[in-house]
Amino acid sequence: MASLLTSVRVGLRAGLKTECRSFVTAAAQPATQSKNSVRTGVIARKKGMTAMWDEWGTRIPVTVLQLEQCQVVQVLNEETHGYTALQIGSSDRSEKNVTKPMLGHFERAGVEPKRKLFEFHVTPDAILPVGTELVASHFVPGQFVDCSAPTMGKGFQGAMKRHGFGGQPASHGTSVTHRSLGSTGQRKDPGKVFKGKKMAGRMGGEQATVQSLKVMKIDNALNLIYVKGCVPGVDDQFVKVRDAVKKRGDKIAPADVLPLPFPTAEPELVKAMPRELVAKTGGSDPYVMKE
Amino acid sequence: MLSFTRTLGARLSGITARYASTAANATKSTYNAPASITVPTQFKPQTRGQGLMQLISKEEMKRMGADGRSKLFDKSHPECLRPGDVILVETLNSMSTDKSSTFVGVLIAMDRRGLHSNFTVRNVILKVGVEMKYMLYSPLIKSIRIMKKGEGFRRAKLFYLRDNPGRAFRLEGLVKQDKANQASKAGKA
């Protein structure tokens, strides 16, 4: 545990000494991983989409997510904060663009100032020391992940696009109201429009989570995760990537890659890995007729 | 214990080379890929002068186009395909068998999209017009052969052939000749 409590001298402001403190004591951190353990997620940047071919020759659309200086910035624990979580920061930022309160926060952790901070709830056995860098090999090819990000903004949109309303007929006498809401309520009782009535308004820009996306490929040199399918948001968006919540235990990944690196990938193992690792789709050949 | 803790001085840039262990560092832990993971052909990332998506697209093209199919779409190459060529595309029925299907026809469209480059081939089979669209870098494509160079086609996309085929789809003679050529080649070899 000595390495966890190593102090890091920060040279940002002369004369200020700060310590990289882990708030977890040996007594509070259980050593073993159980089936209820939850490990941390990462913050990645959506870089774009491309396609790859799997072992059966099927073309698969993939989204490329890049981990950019993703580090643990703060450990939140039961005693002080009331819950156990890790605050993860992503993407270094120059000191001149960071406010003084935030500079102090990062100095305390001993990390470079970050652009984005998110918390990930973890179980006490999955706590990582402050300053730990999370890399792409935190995830394993073949496992399922959930990706959360703000959706693309669509601006002010009508009810048909925003809520999937049916609109009115295109002809047969309909005048000037083909795409409108129609009725918004009853008559004298209740005599008002209920709060939350679905109407036209600003659409998009809210957080959405796409669940159970398969990790198709890991790139250790460029810190890339290729997930099968689409991820909400625009390119260069910050995306929260976590292990899929709906795939518990053995279902999260193929049996021969389990258990997942806990609490995160070991640097020695990552160094020994080849640069790129691709997941197999598995199953039987879909282009061969089954007897 | 985790030794990934990073000091401010030692910046771990996003581009660190971590490759399979060589004989020199055999003392380090080795990685054995399990059965559900494939290790593709590895390249060294050349990040200068291009963005990330361009880089990975080019690497994937190099990997999927190792048999030289990129030259078919390279305008500066003498063996480049042109709209109007009569080509024969041989596709594997599946990745687990060696059986293949062939399709002969006139190349009516070529779309240059990097890794997603594709082309459309049209033929009239038993009085029914059939168009097949192929992804150039698909692993299911076994070979692409030019049977006859197109002459007199002045468009990039020959969609007008759907309505005005003329003599463009009289290809039986070509197919017979090609079969004879292939048989004689097999005989010589």
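The shown structure was predicted, so the numbers you read here are calculated from the model rather than taken from an experiment. We use all heavy atoms of the structure for the numbers below, so side chains are in, but hydrogens, waters and symmetry mates are not.
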Task: Proximity breakdown for A/L224 and chain B, heavy-atom pairs closer than 4.5 Å - done: side chain
So, does [X] use its side chain to make a donor-acceptor pair with the main chain of [Y] at under 3.5 Å?
| X | Y | value |
| --- | --- | --- |
| B/S36 | A/P254 | no |
| B/Q42 | A/E276 | yes |
| A/K280 | B/A35 | yes |
| A/R275 | B/F43 | yes |

Task: Student check: side-chain heavy atoms of A/D256 and B/I37 closer than 4.5 Å - done: no
- [ ] Taking the side chain as every heavy atom from C-beta outward, state whether A/W56 and B/S94 have any pair of such atoms under 4.5 Å apart.
- [x] no
If you count heavy atoms of other groups shown closer than 6.0 angstrom to [atom1] of [X], is the number above 12?
| X | atom1 | result |
| --- | --- | --- |
| B/K133 | NZ | no |
| A/N97 | CG | yes |
| A/K214 | NZ | yes |
| A/K251 | NZ | no |
| A/R59 | CZ | yes |

For [X], which atoms come within 4.5 Å of any heavy atom of chain A: side chain, backbone, both, or neither?
| X | value |
| --- | --- |
| B/L140 | side chain |
| B/L52 | side chain |
| B/T38 | both |
| B/L92 | neither |

Task: Minimum-distance pair of heavy atoms, taken over all atoms of B/L115 and A/A51 - done: CD2-O, 3.3 Å
- [ ] Would you name the heavy atoms of A/G57 and B/P139 that are closest together and state the gap between them?
- [x] CA-CG, 3.8 Å
Task: Pairs satisfying ring pair (Phe, Tyr, Trp, His ring centres under 6.0 Å), at least one member in residues 126-157 of chain B, at least two apart - done: B/F119-B/Y134
TODO: Please assess A/L222 against B/T47 for the test side-chain contact (heavy atoms from CB on, under 4.5 Å), listing each intermediate value before the final yes or no.
DONE: CA-CA 10 Å; A/L222 297 171; B/T47 49; 4.0 Å; yes
Task: Residues B/I56, A/V64; criterion side-chain contact (heavy atoms from CB on, under 4.5 Å); working and verdict - done: CA-CA 10 Å; B/I56 60 181; A/V64 180; 3.7 Å; yes
Task: A/T50 vs B/H116, side-chain contact (heavy atoms from CB on, under 4.5 Å): CA-CA, chis, key distance, verdict - done: CA-CA 9 Å; A/T50 179; B/H116 320 298; 3.7 Å; yes
Task: Value rounded to 0.5 Å, distance of CD in A/E55 from CE in B/M95 - done: 8.5 Å
Open item on the list: So, taking the atom named CD in B/E60 and the one named CH2 in A/W53, what distance separates them when rounded to the nearest 0.5 Å?
Closed with: 7.5 Å
